[in-house]
Amino acid sequence: MKDIVSVDHLRVEFATDSGPVVGVEDVSFTIAPGETVCVVGESGSGKSVTSLSLMRLVEFGGGTIAAGALRFRRTDGTELDVAAASPAVMGEVRGNEIGMIFQEPMTALNPVFTIERQLTDGLMLHKNLSQAQASARALELLRSVRIPEPERRLKQYPHELSGGMRQRVVIAMAMACEPKLLIADEPTTALDVTIQAEILALINRLKRENGMAVLFITHDMAVVAQMADRVVVMYRGKIVETGTVEHIFTAPKEDYTKALLAAVPKLGEMKGKPAPERMRLIGDEAARAARIVPVARKKEVLLDVRHLTTRFPVKGGILRRTTAQVHAVEDVSFTLNVGETLALVGESGCGKSSCGRSILRLVQPTSGEVWIGGRDIGALNHHDLRRARADMQMVFQDPFASLNPYRRLKDQVAEPIVNFGLASGAALKERVEELFDRVHLPRAFMNRFPHELSGGQRQRVAIARALAVNPKLIVADEAVSALDVSVQAQVLNLMMELQEDLGLSYLFISHDMAVVERIAHQVGVMYLGRIVEIGPRAAIFESPAHSYTRQLLSAVPIADPSKRRFADDLAFKPIKSPIFPLGHQPAPSVYTEVAPGHFVLKD
Amino acid sequence: MTYVLNRLLSVILTLFLITLVTFAVTNILPGDVAMMIMGTQSNPEALEGLRQSLGLNDPLIMQYGNWVGGLLTGDWGTSLIFKKPIAELLAQKAVASAIIVVMSMTIALTLAVPLGVWAAVHRDRWQDTVSSSTSLLGVSLPDFFWGIVMILVFARWLGWFPSSGIVEPSEDFLGSLRYAFLPSLALGLGLMAHLTRMTRSTMTGILGQEFIRVARAKGLTERTVVWRYALANAIGPVITIAGLQIGYLFGSIIVMESLFGYTGMGWLTYQALLNRDLPLIQATVFVIAAVVMITNLLVDLLYVLIDPRVKLG
């Protein structure tokens, strides 16, 4: 066996009260030395179970390796049957010959131990180093993952580091003993796009320098295209297709792979197209999606935001007085036309969500005006604001958290209608049925509870609820970010269909540039509370003028293996803090119009 | 440092409120100190003279001022029943009771933490049931019942420990521990239940966290993962509960010390209440409140050492 890893007909079962449940079944693949194999699949595909089995960590989650063989070639050249190895042998292999990194950098480090302790304990255990030797090696590791001020970091605790830095520490931990295989389970999913680009580049460099193999688990086809030598596509615990990355992306054989690839928006594919386009879907949805988007209607402004500013107090001291302010939204102005979509994009903490909430007055803006349909929302009293809310609805990111788990779906969709006294009795029932039809959910779901639905179906319910009062504006805050890619495509298509039919305007808040390129008419890029660049979609994506927009676009992974971008180390400028002392008066936002309707913030 | 100062300030403020409440309550209670000293049959003029000299005829505000002033300067007055300076009396008894409090808490923690960890590691298995029923048994029976059981088993049958009495720690420290052991064990069993449950639930939460998986993926032994990585994170809330239980302990020692004839603070409080020794009641209530508050302050400061995320700010 030349391969480092060979998995043969793996079957993992989980014990439940109602008998064993199969996690993965009949999974076979190999990894050669120095090779990156990506296992890709949607949630529930068994990709994480597969990687945890290789480390025999699946047992700690209640799983058992029921059948099949997992062979790992150890550093001394012997072949290890992982499924049958003793806990002592697995202890030698874990962290020493196989390193692993996980999805959540915020929770992957022990909060009460210093970075130094967490980096050195594995080294002292596996390599018999003294404390001093291990500390020296830890420092070396932090340098190799390019953490700024590595000496200081050693003495710090995890909460003192940013998410990107923590993920670098986790990688340094996994690399500590120079493993032959690195397992990366969704290592960049929780990170901002520029940090993701940096981490992907880092993994590529470390792999090159150390000649190790990488097993990369992800749901993101764009990341696969950027990282993989070979790809394993999984669906519901089974392997659908295996092949080289070029093969999978250019000539996929299986329908599932084709559908998965079709649903992934590729940055740059909308070049030269005047209007948003439906997401591509294969199968039942295809026919509906193929319908051409109608010509743009007459331009009429629905939402006019002028100099919107929102600041949050930072409290401190004995008397809990305000000691500083978070400048979440800073002098933001834009307009949104009837029947159009304006996307606000930016990285976490840029103020895009606060902006959306300030517009609906879910948080009280500090200053500025918000006009919707000729009414100044900021000037409304409590009573009128409640009335006005019928015109503006919101769809949130997490469809699990935004629905009440104890109420039937029909009641939740009916609630806003009852609340505004729009219908009752038979008319109400009819309206709710109509809304379920509208979002393509079977009427049989009306009597169900949220836990009986999938994530995509729940998000449809959330949309139905938002539509219930015939709003003119919907603020969609990362509304499709938590969904699997094929479901995401369906929900996006639904939203576009509703826009055409009902003339809805969307304020689409997202971090996903590829999705935004596909669906938006106008795009505003936010950074540190301000819009740094705003204009028609084509202008932003094809001729970005602000340095931050360019940086953001250059960090987006492209779902095309022929367009690889993360070979060398990347170091983007870290985002500055939006916290300022009391009384700080920032300069107003001044823009240059570089092309008709395309504005760039003057630095 | 500002945090410590802030906390000290709030302790002082609360202690001030406690002096107010204690003073008010004891003054509302029926009973005249002078009459208690001299007896009901005493001469009215002599009584009046004593009242005058004790300052009982002064306005309440002045009486309060004198009392607090005395507390601050170490003049805590004289106990009516023991005819001794209260400060001296308390200093002696407080040490005896401190031994019981510390010992019972130590017993409770050394039993509860391993039991809770054991239950969390084997969650939903028989070990979990054993652990939760054991701790439930500890809490469902009152302390004094455990006291009786202890006397029966360890004093009567086995004869390992004395069933009653006290040895002053200043005379024979080890001997005093022997006398304190049984009441402490009885109290510890009662305290254990909450601590076990708290340990189990925080450990269960922590063991499900990603950093535990990361620790395992590093190849660390299961012992290190559970007893270092997980327990270091889970112990904080357990310590907090233990700190709060100190207050509850002072209630329990009143019964337990009397049961074991152990003449500590609890016994002293009981005697003071029984004999309406007002100056002594005021002083014991004040001391107990102060100890509870300072314990909680220490626990909060300890928390800072345990969890670096808690800032002294």
Mind running side chain to side chain contact (heavy atoms under 4.5 Å, CB included) on B:K218 and A:M173 for me, showing each step along the way? CA-CA 8 Å; B:K218 277 204 285 191; A:M173 258 162 53; 3.9 Å; yes

Can you tell me how far apart CD (B:E210) and CG (A:N110) are? Round to the nearest 0.5 Å. 13.0 Å

Is atom CZ of B:R197 surrounded by more than 12 heavy atoms (other residues, nucleotides or ligands) closer than 6.0 Å? no

Which region of B:I206, side chain (C-beta onward) or backbone (N, CA, C, O), has a non-hydrogen atom less than 4.5 Å from a non-hydrogen atom of chain A, or is it both or neither? neither

What's the shortest heavy-atom distance between A:L109 and B:F211, and which atoms? C-CB, 3.5 Å

Over all atoms of both residues, closest heavy-atom pair of A:L125 and B:G219: CD2-O, 3.3 Å

Counting neighbours of CG on B:L60 that are heavy atoms of other residues, nucleotides or ligands and sit closer than 6.0 Å, is the number greater than 12? yes

Please assess B:Y229 against A:D121 for the test side chain to side chain contact (heavy atoms under 4.5 Å, CB included), listing each intermediate value before the final yes or no. CA-CA 11 Å; B:Y229 269 66; A:D121 57 6; 2.5 Å; yes

For B:R228, look at atom CZ and say whether over 12 heavy atoms of other residues, nucleotides or ligands are found less than 6.0 Å away. no

Between A:P111, A:G122, A:G91, who has the most heavy-atom pairs with chain B when the cutoff is under 4.5 Å? A:P111

Taking all non-hydrogen atoms of both residues, which atom of A:M100 and which atom of B:A217 are closest, and how far apart? CB-CB, 4.0 Å

Tell me the closest heavy-atom pair linking B:R216 and A:L57, and the distance in Å. CB-CD2, 3.5 Å

Under a 4.5 Å heavy-atom cut-off, does chain B meet the side chain of A:E92, its backbone, both or neither? neither

Chain B contact via A:F113 - side chain, backbone, both or neither, heavy atoms under 4.5 Å: side chain

Could you measure the distance from the CG atom of A:L52 to the CZ atom of B:R213? Nearest 0.5 Å is fine. 5.0 Å

Quick one: does any side-chain atom of A:H126 pair with a main-chain N or O of B:L220 as donor and acceptor, under 3.5 Å? no

